[in-house]
Amino acid sequence: MGEKFTPMSAQLHRYAVEHSRQDEVLASLDRETAALGDVAVMQMAPEQGALTTLLVRAIGAGRALEIGTFTGYGSISIARGLADGGRLLTCDISEEWTGIARRHFEQAAVEARIDLRIGPAIETLRSLDAANPFDFAFIDADKTSYPDYYEETLRLLRSGGLMMIDNVFRGGEVIDPDAEDDGVRAIRELNDTIASDPRVEPVAMVGIADGIILAMRADR
């Protein structure tokens, strides 16, 4: 029996993007972020944005957490999926990049749903009370801190809450034995932890964009 996956060529990826919903606000944000140069690779992929909105809406999330705002594509995608009255708390350290995000929050008419915190994300997370848990969490920030972000996010997620973690392929380097930078090691460590962690169930590693993990918080 053959391999049960379809290799993603540039043309097939373009086809997938074209068949995922992206309105003009997100398309405009996509273009403005691309103009930033190499750092634009940090933006959530359009097809991942559509999936994120779908997942947030599907679980009826009212409270969401995002680690790594950047220019706001993921924030808008999450906020659009929230239930009526829902709120997103999103963390970043850059006033420059989040300035772009704030403008697009207004254009997307989701600014009232978003609480943007500027400062080290780990400090923000550690200041939060687990008695007021989140329904959905998205991790997409500095890779060396992923294990710490995971532990704090898990603490703050409700039973049955959904976590999405980005860049778990690290451009394919997670399976390259010669790739040993700190970011790759941190992601490998986290991938291995989640694969056998009884605190999350079920777990799926999905080949979308640079790889994502979806994990649900098991009963506390």
Side-chain angles (χ1 to χ4, degrees), residues 42-44 48-49 52 55-56 59 61-79 81-83 85-99 101-102 105 110-168 170 182-195 197-201 203 210-220:
M42 295 193 299
Q43 180 185 276
M44 176 182 278
Q48 186 180 348
T52 300
L55 290 173
V56 172
I59 66 170
R63 277 177 53 77
L65 172 67
E66 180 184 37
I67 304 168
T69 313
F70 190 41
T71 57
Y73 200 105
S75 308
I76 293 172
S77 299
I78 295 168
L82 292 171
R87 293 278 289 173
L88 165 66
L89 190 160
T90 184
C91 312
D92 207 283
I93 58 172
S94 172
E95 293 279 7
E96 177 186 359
W97 293 336
T98 58
R102 289 182 193 277
F105 293 167
V110 295
E111 71 275 17
R113 300 182 181 186
I114 299 176
D115 176 9
L116 172 58
R117 306 278 183 94
I118 301 296
I122 196 65
E123 294 179 10
T124 299
L125 295 175
R126 288 171 177 164
S127 73
L128 298 174
D129 188 350
N132 192 19
F134 293 93
D135 306 300
F136 177 86
F138 177 54
I139 300 174
D140 183 18
D142 57 300
K143 310 313 172 195
T144 56
S145 297
Y146 265 34
D148 291 334
Y149 292 152
Y150 172 71
E151 290 298 329
E152 286 300 317
T153 298
L154 199 57
R155 178 181 69 85
L156 296 167
L157 203 63
R158 68 165 171 84
S159 297
L162 182 63
M163 184 187 308
M164 176 188 284
I165 305 173
D166 203 9
N167 302 117
V168 297
R170 189 66 170 170
D182 291 343
V184 172
R185 284 198 296 268
I187 289 176
R188 282 198 196 112
E189 174 190 333
L190 181 58
N191 290 346
D192 291 345
T193 295
I194 295 175
D197 191 342
R199 297 173 297 172
V200 287
E201 213 296 311
V203 174
D210 188 30
I212 60 173
I213 281 178
L214 295 169
M216 186 166 284
R217 180 71 158 88
D219 290 341
R220 291 179 182 270

* Run the salt-bridge test on R155 and E152 with the 4.0 Å N-O cut-off and return the result as yes or no. => yes
* Least distance between heavy atoms, G183 atom then T144 atom -> N-CG2, 3.8 Å
* Asked: Backbone N or O of F70 within a donor-acceptor pair of the D92 side chain at under 3.5 Å?
  -> yes
* Asked: Given M164 and F136, is the side chain to side chain contact (heavy atoms under 4.5 Å, CB included) satisfied, shown in steps?
  -> CA-CA 8 Å; M164 176 188 284; F136 177 86; 4.1 Å; yes
* Considering non-hydrogen atoms only, spot the tightest contact between P147 and A186 and give its length. => CG-O, 3.8 Å
* **CA sep, side-chain torsions, deciding dist, call: I78, I76, side chain to side chain contact (heavy atoms under 4.5 Å, CB included)** => CA-CA 5 Å; I78 295 168; I76 293 172; over 6 Å; no
* Could you walk me through whether R217 and L154 pass side chain to side chain contact (heavy atoms under 4.5 Å, CB included), step by step? => CA-CA 7 Å; R217 180 71 158 88; L154 199 57; 3.2 Å; yes
* So with a 6.0 Å cut-off around CG of L116, is the heavy-atom count from everything else above 12? -> yes
* Between CE of M44 and OG of S75, what distance do you get to the nearest 0.5 Å? -> 8.5 Å
* Heavy-atom distance under 4.5 Å between the side chains of E123 and L125, does that happen here? -> no
* Check: D166 and I139 side chains under 4.5 Å, non-hydrogen atoms -> no
* What distance separates L156 CG from L128 CG, expressed to the nearest 0.5 Å? -> 5.5 Å
* Structure fact -> Applying side-chain contact (heavy atoms from CB on, under 4.5 Å) to N132 and not counting sequence neighbours gives R63
* With distance as the sole test, does T52 use its side chain to make a donor-acceptor pair with the main-chain N or O of S77 at under 3.5 Å? -> no
* Asked: Can you name the residues that form a side-chain contact (heavy atoms from CB on, under 4.5 Å) with D192, not counting sequence neighbours?
  -> none
* Asked: Among L190, I165, I67, whose side chain to side chain contact (heavy atoms under 4.5 Å, CB included) with Y149 holds?
  -> I67
* Close side-chain approach of D219 to S159, heavy-atom, < 4.5 Å -> yes
* **Test item: W97 and M42 side chains (from C-beta on) under 4.5 Å apart, heavy atoms** => yes
* CD1 of I114 to OG1 of T98: how many Å apart, nearest 0.5 Å? -> 11.5 Å
* Asked: Would you say the side-chain atoms of R87 pair up with the backbone N or O of A112, donor to acceptor, closer than 3.5 Å?
  -> yes
* Indicate the atoms forming the closest heavy-atom contact of G119 with I93, along with that distance. => O-CG2, 3.4 Å
* Asked: Hey, what do you get for SG (C91) to CD1 (I122), rounding to the nearest 0.5 Å?
  -> 9.5 Å
* Could you pull out all residues at least two apart from R199 that satisfy salt bridge (Lys or Arg N to Asp or Glu O under 4.0 Å)? => E151, D197
* **Closest non-hydrogen atom pair between V200 and A215, with its separation** => CB-CB, 4.0 Å
* Applying ring pair (Phe, Tyr, Trp, His ring centres under 6.0 Å), name anything that partners F138, two or more places apart in sequence or on another chain. => none
* Pairing residues for R188 by the salt bridge (Lys or Arg N to Asp or Glu O under 4.0 Å) criterion, not counting sequence neighbours -> E180
* salt bridge (charged side-chain N to carboxylate O under 4.0 Å, His left out) pairs, two or more places apart, involving residues 128-144 -> D135-R158, D140-K143
* Establish, from distance only, whether the side-chain atoms of T69 and T90 form a donor-acceptor pair under 3.5 Å. => yes
* Asked: Heavy atoms, side chains only, cut-off 4.5 Å: are L214 and V203 in contact?
  -> no
* **Heavy-atom side-chain proximity of N191 to I213 below 4.5 angstrom** => yes
* To do: Please examine the side chains of F134 and L89, heavy atoms only from C-beta on, and report whether any two atoms are closer than 4.5 Å.
  => yes
* Within-4.5 Å side-chain heavy-atom neighbours: E66 and L88 -> yes
